[in-house]
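We're numbering straight along the sequence, starting at 1. Atoms within a ligand are numbered from 1 in the order they appear, just like the ligands themselves.
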Amino acid sequence: LRSLGVGEGAGGSDADAAVDLNATNFGAFLKASPEPWAVVEFFAHWCPACRNYKPHYEKVAKLFNGRDAAHPGIIVMARVDCASKIWNQQLYVHLSVNYGYSEMLGGSDCSFSLEDKRYENESMLPKNSSDPQQIVQAIYDVEEATAHALEIILGHKMIKPENRDSLIRFLQILVAHHPSKRCRRGSAELLINFDDHWPSNLSLSSQESYKLSENVTEENSWVCGKEVPRGYWMFCRGSKKETRGFSCGLWVLMHSLSVQIGDGESQSTFTSICDFIHNFFICEECRKHFYEMCSSVSVPFKSARELSLWLWSTHNKVNERLKKEEKDLGTGDPSFPKVLWPTNQLCPSCYRSSKISDGALDWNEDEVYQFLVNYYGSTLVSSYKETYMESLLHEKKTVSEDSLTSNAATVPIGAALGVAIASCTFGALACFWRAQQKNRKQRKNWN
Ligand SMILES: Cc1cc2nc3c(=O)[nH]c(=O)nc-3n(C[C@H](O)[C@H](O)[C@H](O)COP(=O)(O)OP(=O)(O)OC[C@H]3O[C@@H](n4cnc5c(N)ncnc54)[C@H](O)[C@@H]3O)c2cc1C
């Protein structure tokens, strides 16, 4: 955290004029600040749009903060990383006091501390992004992204009468189609108890409903089980701390859902995904752009193919836009430049011709769909049987997985719960893997 030298004028260094605040110093700092006005930016460090916005905010901050400020003493420019551990400290403390946080996290041999370092060794980055097998590792990222999304929703108390149905519909899709069995089970449990915690009864005062949701935050934030690795993105690991991670995991989750659904669910899945992002993705710019693209769809989807291809081309539109932005602002991950996807190396048959006509690539959409189904369907899902962790361990333990190809729209929530049996083996493997990571000096990053 940068010095909060109030008397010296906020913002000592040129490079970092905005003051970083968190839950512990927020009130005290603003109260003590001599400036009559304050502008506070609330951002998430993993949010690429926020990263792109940072240099602009810094420029304005330098006008008001710091020794060389053109207009000192009027406005203090500050910011809060809503996704930081410190900001979430109250929740963390609550968990530790009431539930024994380290026990919840790890089970027997694992220990975790706030000083854990994320493993930022280049050699741990996905080695060859043109290798289709890389996606095998993404199962953990999808689990982590799911858990993280729920953690944000609960931590930020985002469930409101007007958006609870949207979350219910998204959870129903997760129960039926999430590639990870333990996330399906956790989503089902959450759904079963949903009404108790967030009643639809609108006559409840906001204080009453706040109290109800207080009681459930801890138990429900483990939507994929408490052993899910946190902060160790594998497929989505960036070469810099702030890049990739959660937003990458969320994309992979959505693509994997789009190839699992049945044709009859395509329109409702589309609506659920759009509503979920609109209501619960805390990257405002991303949300806004995605909503515009959702709103521009005029004809209802009739098949899984249509939905998968829409999501694929929408993601490519985002890639195209960000490619330019990241180049202009230098905010991208140098090891993972944005590309139109899949690249020729990943899927040569997806291209009718590598030439661009009228500014657009000539895709063979049948081949693209087939590729998406294999990549986000079979390959990603099969990783539960042939896991990366298992290959690390050289063990042939197989986590028995019920058929994922079944049309889960026909699986009622109760039945989904019934078939979902806790997989301790997987938890132990996750634990082992974490321990290995720790030995390699990594930093645990919750976000
Ligand atoms: C819904 C949504 C909207 C977003 N909107 C914005 C925005 O407006 N502005 C902004 O700055 N950031 C936005 N982001 C974040 C941004 O898209 C990236 O997630 C982030 O920059 C990290 O990029 P990445 O390199 O990890 O790859 P990502 O773009 O996150 O992709 C993850 C992985 O998906 C695969 N992939 C790539 N393209 C496709 C495709 N077309 N189809 C299928 N799979 C693909 C690749 O294997 C890639 O590694 C958004 C994210 C989401 C989930």
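At a heavy-atom cutoff of 4.0 Å, ligand 1 is contacted by no atom of Lys288, backbone or side chain. By the criterion of a heavy-atom distance under 4.0 Å, neither the backbone nor the side chain of Asp333 is placed next to ligand 1. At a heavy-atom cutoff of 4.0 Å, ligand 1 is contacted by the side chain of Leu322 but not by its backbone. Counting heavy atoms closer than 4.0 Å to ligand 1, residue Arg287 contributes nothing at all.
The shell of residues lying under 4.0 angstrom from ligand 1, judged by heavy atoms, includes Arg321.
SG atoms of Cys283 and Cys50 are separated by 2.5 angstrom or more, inconsistent with a disulfide link. With 2.5 angstrom as the limit on SG-SG distance, Cys286 and Cys47 do not come in below it.
The residues Arg244 and Asp333 are annotated as not salt-bridged, no charged nitrogen and carboxylate oxygen being separated by less than 4.0 angstrom. Comment: Arg182 does not engage Glu189 in a salt bridge, judged by the lack of any side-chain N to carboxylate O separation of less than 4.0 angstrom. Salt bridge status for Asp141 with Arg237: absent, with no side-chain N to carboxylate O gap under 4.0 Å.
In terms of protein heavy atoms, atom 28 (P) of ligand 1 is closest to His315 NE2, 3.6 Å. Of all protein heavy atoms, the one lying nearest to atom 15 (C) of ligand 1 is Pro48 CG, 3.4 Å. The single protein non-hydrogen atom nearest to atom 5 (N) of ligand 1 is Cys286 CB, 3.1 Å, given as residue, atom name and distance. Of all protein heavy atoms, the one closest to atom 23 (O) of ligand 1 is Lys338 NZ, 3.1 Å. For atom 38 (N) of ligand 1, the nearest non-hydrogen atom of the protein is Asn319 ND2, 2.9 Å. Looking only at heavy atoms of the protein, atom 32 (C) of ligand 1 is closest to Cys248 SG, 3.4 Å.
Set against the non-hydrogen atoms of Val318, the atoms of ligand 1 under 4.0 Å away are 5 (N), 6 (C), 17 (O). When each atom of ligand 1 is checked for a heavy atom of Tyr376 under 4.0 Å away, the hits are 34 (O), 35 (C), 36 (N), 43 (C), 44 (N), 45 (C). Here is the list of ligand 1 atoms found below 4.0 Å of a heavy atom in Ser247: 15 (C), 18 (C), 19 (O), 20 (C), 22 (C), 53 (C). Listed by number with element, the atoms of ligand 1 under 4.0 Å from a non-hydrogen atom of His289 are 8 (O). Near Phe290, meaning under 4.0 Å from any of its heavy atoms, are these atoms of ligand 1: 1 (C).
Residue Phe276 is tested with Leu174, Leu167, Asn163 for a side chain to side chain contact (heavy atoms under 4.5 Å, CB included); the sole match is Leu167. Considering Phe336, Tyr375, Trp251, Trp312 in turn, Tyr375 is the only one that fulfils the ring pair (Phe, Tyr, Trp, His ring centres under 6.0 Å) rule with Trp341.
Among Arg51, Arg244, His255, the residue whose heavy atom lies nearest to atom 43 (C) of ligand 1 is His255. The closest heavy-atom contact to atom 51 (C) of ligand 1, among the options Tyr375, Trp341, Tyr291, Trp251, comes from Trp251.
Of the N or O atoms in Glu325, none lie within a sub-3.5 Å distance of an N or O in ligand 1.
Residues passing the salt bridge (charged side-chain N to carboxylate O under 4.0 Å, His left out) test with Lys324 are Asp328, sequence neighbours excluded. In this structure Asn316 satisfies the side-chain hydrogen bond (donor to acceptor under 3.5 Å, both in side chains) test together with Asn319, sequence neighbours excluded.
Within a 6.0 Å radius of CD in Glu325, more than 12 heavy atoms belonging to other residues, nucleotides or ligands are found. In the displayed structure, Lys327 atom NZ is contacted under 6.0 Å by at most 12 heavy atoms of other residues, nucleotides or ligands.
Checking His178 against Thr146 by side-chain atom types alone, a donor-acceptor pair falls below 3.5 Å.
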